[in-house]
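Throughout, a chain's letter reflects where its sequence line sits, starting with A, and its residues are numbered from 1. Side-chain atoms are counted along with the backbone in the values below, which use heavy atoms only and exclude waters and symmetry mates.
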Number of protein chains: 2
Amino acid sequence: MNIDSVKSMTENCPIARWRRKKEARPAEILDAALSQFVEKGYRATKMEDIARAAGVTKGTPYLYFQNKEEIFKAIARGTFVANLQQLDKLADDFDGSASALLHHMVAHWWQEVGCSPSAGLCKLMIAEAANFPELARFYFEELIAPSNQLLSRVLQRGIDSGEFRAVPLVHTVDALLAPLLTTMIFSHSFGQLPGCCIGSTKDPLGFLQDALDLVLHGLKNN
Amino acid sequence: MNIDSVKSMTENCPIARWRRKKEARPAEILDAALSQFVEKGYRATKMEDIARAAGVTKGTPYLYFQNKEEIFKAIARGTFVANLQQLDKLADDFDGSASALLHHMVAHWWQEVGCSPSAGLCKLMIAEAANFPELARFYFEELIAPSNQLLSRVLQRGIDSGEFRAVPLVHTVDALLAPLLTTMIFSHSFGQLPGCCIGSTKDPLGFLQDALDLVLHGLKNN
DNA sequence: ATCAAGCTACTGAACAGTGATTTATTAATT
DNA sequence: AATTAATAAATCACTGTTCAGTAGCTTGAT
């Protein structure tokens, strides 16, 4: 359907060379740009790469976005939206133990974020943070800080209920997040190289659960 | 010609505009390149940035290196050398408990690697892995895999002696490494942004020790 | 020790390729 | 036929690389 039309547009249909799609273009361009950025990095992807990946030519992206940087910003702003709210809700609605909740959250996170294209964006943000300070701040304030706060609340709940011992909250939150981040980063940096895999890239979800278990075992009151 | 540029070129001697230093140049250029790459990323760093940071002009780096990419490779190859051997030796010579050894190793690692310019290179490698697959493989084989093996040995020793319970080795190693990596990465990506700090960037060494304690608590036989 | 003469590390202007952005033109849609 | 989405050629700024010239160093004859 869509793919076919793109093909015929660029490849072998001599009549209809292209199609007008004012509504769909912006999203198509952003999708294409995300995958290109993730694949090659910001600087190494040319506007033409983005355009071709979106099935248009060099000039078209400029009809919808001011320039390359604005495309990057639009991607960043558009991607960090609703996932966190989902996790927030998950945490609020859950009425089992804090441990069980954490397991749920990790599984959910992996499925919705860790696995998804937005994981590539996270790696990209980390790589490009120094070059886009405003975006880095945005990323930090919109995603990292709230994630930390959410985890803090869950941990505090576990401590209050006596399920966990009174560990230093701030450091423990970071310790819980670390495996998630490294899994995401590694799978995007070395995941493609044949043979270059460590435990966490072979079986990401399994690793995440094991890592969580390990920390939880250390958190338990005994 | 500009007086300032002459001054900056030679620091403070208005007569001798430059000096011949065949022996020292390569190292100076590599040092300069490392700091520029770490600061701006590979693509965003111009050869002239490197040259100026090394106190020479655009042409000079080409007297010692074929091109920009070779400079990057030279840095990568030159940086991942002896630290791991030091840690290896530390582990072999140590005769206390596995927990105490791990604490020693973390402290040593932070001082010699986490804190140092080579930490910036690690972040850089992660960011550029997709663009330099050969280098990424080199980095993986020379640094990541051996680090994993070293930690495996230490863990296994702890398990054999009955100090630790029999956890899944591969995943546990990755779980131990995760806080080190995130600390390094975060401090380089968000460390400069005022106000953007999480627990691990505020007090890195403290965080590393706490994170290790947490996992060790989970590892202990009780 | 001095100084001329040669050597070469280094400079900096010029070159060439690249890639972001603009714009005149074309053709799909209404 | 009018409108305008999209193209494709042109522009323009930038940057990696080269190279002819310059100046700091070395050597050896005096």
Point to revise | Length of the OH-P vector between A/Tyr62 and D/dA5, whole Å | key: 18 Å

Study note, to complete from the structure: Exactly one of B/Met105, B/Glu112, B/Gln111 clears side chain to side chain contact (heavy atoms under 4.5 Å, CB included) with B/His108, and that residue is B/Glu112

Review point. Does B/Glu142 come within less than 4.0 Å of B/Arg77, counting only side-chain N to carboxylate O?
Key: no

Point to revise | A/Thr60 side-chain proximity, nearest of C/dT11, D/dA5, D/dT7 | key: D/dT7

Practice item. Verify whether one side chain among B/Gln85 and B/Lys89 offers a donor that lies under 3.5 Å from an acceptor in the other. Key: no

Study note, to complete from the structure: Atom CD of A/Glu48 and atom P of C/dG17 are separated, to the nearest Å, by 18 Å

Check your understanding: Over how many whole Å does the gap from A/Ile50 atom CD1 to C/dG19 atom P extend?
Key -> 13 Å

Review point. What nucleic acid atoms does B/Phe65 come within less than 4.0 Å of, heavy atoms only: base, sugar-phosphate, or nothing?
Key: nothing

Exercise for review: Take atom CG of B/Asp49 and atom P of D/dC14, then tell me their distance rounded to the nearest Å.
Suggested key: 13 Å

Point to revise | Ion pair check, A/Asp49 and A/Lys58, cut-off under 4.0 Å | key: no

Review point. What about A/Tyr139 and A/Phe132, are their ring centers closer than 6.0 Å?
Key: no

Review point. Less than 3.5 Å between a donor and an acceptor, one on the side chain of B/Lys58 and one on the base of D/dT17, is that the case here?
Key: yes

Exercise for review: To the nearest 10°, let me know how far the axis at one end of the helix from C/dA1-D/dT30 to C/dT30-D/dA1 is tilted from the axis at the other, five pairs an end.
Suggested key: 10°

**Study point:** Lys/Arg N to Asp/Glu carboxylate O, B/Lys73 vs B/Glu134, below 4.0 Å
**Key:** yes

Study note, to complete from the structure: Taking for A/Leu63 and for B/Lys46 the nucleotide of DNA chain D with the nearest heavy atom, the one nearer the 5' end belongs to A/Leu63

Practice item. Check every atom of C/dT21, C/dC10, D/dG16 against the side chain of A/Met47 and return the nucleotide holding the closest atom. Key: C/dT21

Check your understanding: What's the closest nucleotide to the B/Arg20 side chain, out of C/dT26, D/dA23, C/dT11?
Key -> D/dA23

Check your understanding: The side chain of B/Thr57 lies closest to which of these nucleotides: D/dA6, C/dG12, C/dA9?
Key -> C/dG12

Point to revise | Separation of C/dG19 C1' from B/Arg43 CZ (nearest whole Å) | key: 11 Å

Point to revise | Earlier contact from the 5' end, DNA chain C, for A/Gln66 and A/Ala44 | key: A/Ala44

